[in-house]
Amino acid sequence: MALKTGAQYIEEMKKMRPNVYKWGELIRDVTTHPATKAHIANVAMWYDNSFDPEKEELYTTTSYLTGKKAHRWNTLMTCADDVLGNANMKRDGYRMCGSCMGPVCAGWTVINALWGVTWDMDKALGTDYHERLKKFAMFAEENALALSGALTDAKGNRALKPGQQDNSDMYLHVKEVREDGIVIRGYKNQICGVAGSQYIMVIPTTSMSEGEEAFAVAAAVPRDAEGITVVETRRPSDTRTEAEGWDGIKSGTTQAFVIFDDVFVPNERVFMNGEVKYAGACVGNFTAIYRAAIGACVAGQGDVMIGAAIGMARANGLTQKPFQDKLTQMAVNNETTYGLGIGAMYMGKQHPSGAFYPNPLLAHVNKVHVATLPYNTKVLAQEISGGITETGCMPSYQDMMSPVYGKQLIESLRAGVGGEDRIRMARLVEWLTIGGGVPGCMHGGGSPDTAKMVVKGATRWDDYVDYARSLAKVEAPLKEEKKKK
Ligand SMILES: Cc1cc2nc3c(=O)[nH]c(=O)nc-3n(C[C@H](O)[C@H](O)[C@H](O)COP(=O)(O)OP(=O)(O)OC[C@H]3O[C@@H](n4cnc5c(N)ncnc54)[C@H](O)[C@@H]3O)c2cc1C
């Protein structure tokens, strides 16, 4: 198949075993339930974009494995241009959907991250993980699968390592090794787009040490496998049911807590089992790709925020001119994260396995900006747009529809355009700036503090002191004594 339409994707989602819950209820059909259907429709739009002559170049590429045309999210990235293709597709996707789409992002990134790790393991340890991964990647491409990616474990007490927790389920782990596979259990929390995915790609969330072999596990697991329970989280978009009749966007992405309760994974879908030394590289490769590309994600949403802010100014009866400085700053913010991500890509390297990894230092610097600049863009969007874009400052849709006072409310909101259009644009600004549309700028893809740790580790501080000493002609070495542990 290799390429699938949105309608085919939706048909396949309907056939999955219902195991997604929200508000205490089992969701029988994720494609029609109000909590998940907008997300599924957005992912379907990405599939359909692959057939749009104007967008196919963004959403498809030539497969490294088969030489055939495939959805971009089912392919291996082997050069900087491929990662740029990833970034450009996401920027476009954000412009279309306003938010992120986990099933066409995170699982794909996991496969690319594992590509180099499994290759290294096979070379050093004589395992066959890379061959298994290759077969799964071919299967994912051939079936045009939507894949979520689960790194984040529940983690329990953050001061303790996985092996030190009082409940081993705080980190996903191998409970039992059988001849034909493994049984895994534990909690993966805050995973994006699980409801819209067909497989969950799991890898460790952190590096592991000797004694933590059970937690060093990577695998591909069907989202509806026996033993998996998916609980959708509560997002601000929950308040946006069909009742908010004029909202163009009804929800953003979906997020979930995933409970693995003794889930059997056959050997051919296991890509790491106990190799603690390689757990850290899974996260390292993942974040290098993800944090280079996420600059484009937030820029895509920033593009919509600029449009919505100008739209509000005009709907308020004003022009763009009085706000130009703020709008220009918003554009600077967008292009900073997009451009820095591109820098990380072109300073990256190809791994001997064929996978390409962006430069970690620049990718992590980008993550720090992604955790700050989009929030500034949101503040500016609200400032330009006025008070009705802040949560709680506009009557509900039901009140607007009141036969008693509805017409007066709508008339009171008329400015540069009719009241209804002004309300629609205001609701979009609210959703983008403080609603369900806020992407994981702060913690999505890991916290900025962890990114700063990489920046600290990768920066050559003492070399910089030497540059300064040389220019200042200081003879003293100005070195710090290393403290004995
Ligand atoms: C919108 C969104 C989408 C996401 N999508 C996915 C996804 O698709 N897949 C996935 O796997 N995950 C996903 N995540 C989860 C994300 O990766 C985590 O939120 C992130 O890694 C931070 O983990 P945490 O939320 O548990 O925060 P915590 O680990 O509790 O961190 C909170 C703060 O404490 C600091 N901290 C933590 N431990 C220590 C320590 N030992 N010492 C000092 N400081 C510490 C952190 O740096 C941070 O500043 C998503 C998150 C969001 C918000």
Side-chain angles (χ1 to χ4, degrees), residues 76 106-137 139-140 147 149-156 160-165 168-188 199-221 225 258 260 262-290 349-357 360 446 450 454 457:
L76 185 74
W108 170 35
T109 310
V110 167
I111 291 184
N112 277 269
L114 278 174
W115 202 264
V117 180
T118 52
W119 194 90
D120 286 341
M121 282 196 284
D122 286 4
K123 281 257 163 267
L125 311 172
T127 48
D128 66 344
Y129 292 129
H130 192 64
E131 276 312 305
R132 294 178 187 181
L133 182 69
K134 212 185 256 181
K135 280 195 188 130
F136 179 77
F139 167 75
L147 310 164
L151 292 82
T152 311
D153 295 283
K155 293 186 289 195
L160 303 177
K161 294 275 288 168
Q164 298 169 328
Q165 302 290 335
S168 52
D169 288 347
M170 292 303 178
Y171 284 77
L172 189 77
H173 62 279
V174 179
K175 182 186 163 194
E176 189 188 338
V177 179
R178 297 184 189 162
E179 208 174 307
D180 52 347
I182 57 173
V183 176
I184 56 175
R185 63 175 294 116
Y187 311 127
K188 290 274 190 191
Y199 271 76
I200 309 173
M201 303 298 302
V202 298
I203 51 171
T205 196
T206 184
S207 54
M208 305 276 167
S209 321
E210 219 173 289
E212 292 175 330
E213 284 72 13
F215 303 97
V217 58
V221 191
V258 188
F260 292 77
D262 292 352
V263 178
F264 175 74
V265 187
N267 282 329
E268 62 269 23
R269 296 283 158 81
V270 177
F271 314 120
M272 174 181 283
N273 178 14
E275 293 78 7
V276 282
K277 213 177 110 189
Y278 294 86
C282 294
V283 196
N285 292 349
F286 181 94
T287 51
I289 302 169
Y290 190 90
K349 272 198 202 128
Q350 193 181 35
H351 183 272
S353 62
F356 184 88
Y357 300 119
T450 55
V454 177

Closest heavy-atom contact between [X] and [Y]?
X: D153; Y: T205; value: OD2-CG2, 3.1 Å
X: M208; Y: A279; value: CG-CB, 3.5 Å
X: G181; Y: N267; value: CA-OD1, 3.2 Å
X: V270; Y: Y129; value: O-CD2, 3.4 Å
X: K161; Y: S207; value: NZ-O, 3.1 Å
X: F286; Y: A106; value: CE1-O, 3.6 Å

What is the distance from atom [atom1] of [X] to atom [atom2] of [Y], rounded to the nearest 0.5 Å?
X: D122; Y: S353; atom1: CG; atom2: OG; result: 10.5 Å
X: E275; Y: E213; atom1: CD; atom2: CD; result: 9.0 Å
X: E268; Y: K135; atom1: CD; atom2: NZ; result: 8.5 Å
X: I111; Y: M201; atom1: CD1; atom2: CE; result: 4.5 Å
X: F356; Y: I289; atom1: CZ; atom2: CD1; result: 10.0 Å
X: I203; Y: L151; atom1: CD1; atom2: CG; result: 4.0 Å

Can you tell me if [X] uses its side chain to pair, donor with acceptor, with the backbone of [Y] under 3.5 Å?
X: H130; Y: W115; answer: yes
X: N273; Y: I182; answer: no
X: H173; Y: G186; answer: no
X: Y357; Y: N112; answer: yes
X: Q165; Y: K155; answer: yes

Quick one, [X] and [Y] - any side-chain contact, counting heavy atoms below 4.5 Å?
X: V202; Y: V110; answer: no
X: D120; Y: Y278; answer: yes
X: M272; Y: V217; answer: no
X: F260; Y: K188; answer: yes

**Asked** Going by distance alone, is a donor N or O of one side chain under 3.5 Å from an acceptor N or O of the other, for N285 and H351?
**Response**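 Looking only at side-chain atoms, H351 and N285 do not form any donor-acceptor pair under 3.5 Å.
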* Assess whether side-chain contact (heavy atoms from CB on, under 4.5 Å) is satisfied between T287 and V454, documenting all intermediate values. => CA-CA 11 Å; T287 51; V454 177; over 6 Å; no
Look at the aromatic rings of Y171 and F215 and report parallel, tilted or perpendicular, splitting at 30° and 60°.
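Aromatic pair Y171/F215 classed perpendicular.
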Contacts of type salt bridge (charged side-chain N to carboxylate O under 4.0 Å, His left out), residue K175, not counting sequence neighbours |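 Salt bridge (charged side-chain N to carboxylate O under 4.0 Å, His left out) check on K175 returns D262.
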Next on the checklist: D169: which residues meet the salt bridge (charged side-chain N to carboxylate O under 4.0 Å, His left out) condition with it, sequence neighbours left out?
Outcome noted: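 By the salt bridge (charged side-chain N to carboxylate O under 4.0 Å, His left out) rule, D169 matches R185.
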Check your understanding: So is R269 actually on top of F139's ring, under 6.0 Å and inside 45° of the axis?
Key ->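 Because its charged atom sits under 6.0 Å from the ring centre and within 45° of the axis, R269 does stack over F139.
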Does K277 NZ have over 12 foreign heavy atoms under 6.0 Å away?
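Counting neighbours around NZ of K277, 12 or fewer heavy atoms of other residues, nucleotides or ligands fall under 6.0 Å, so no.
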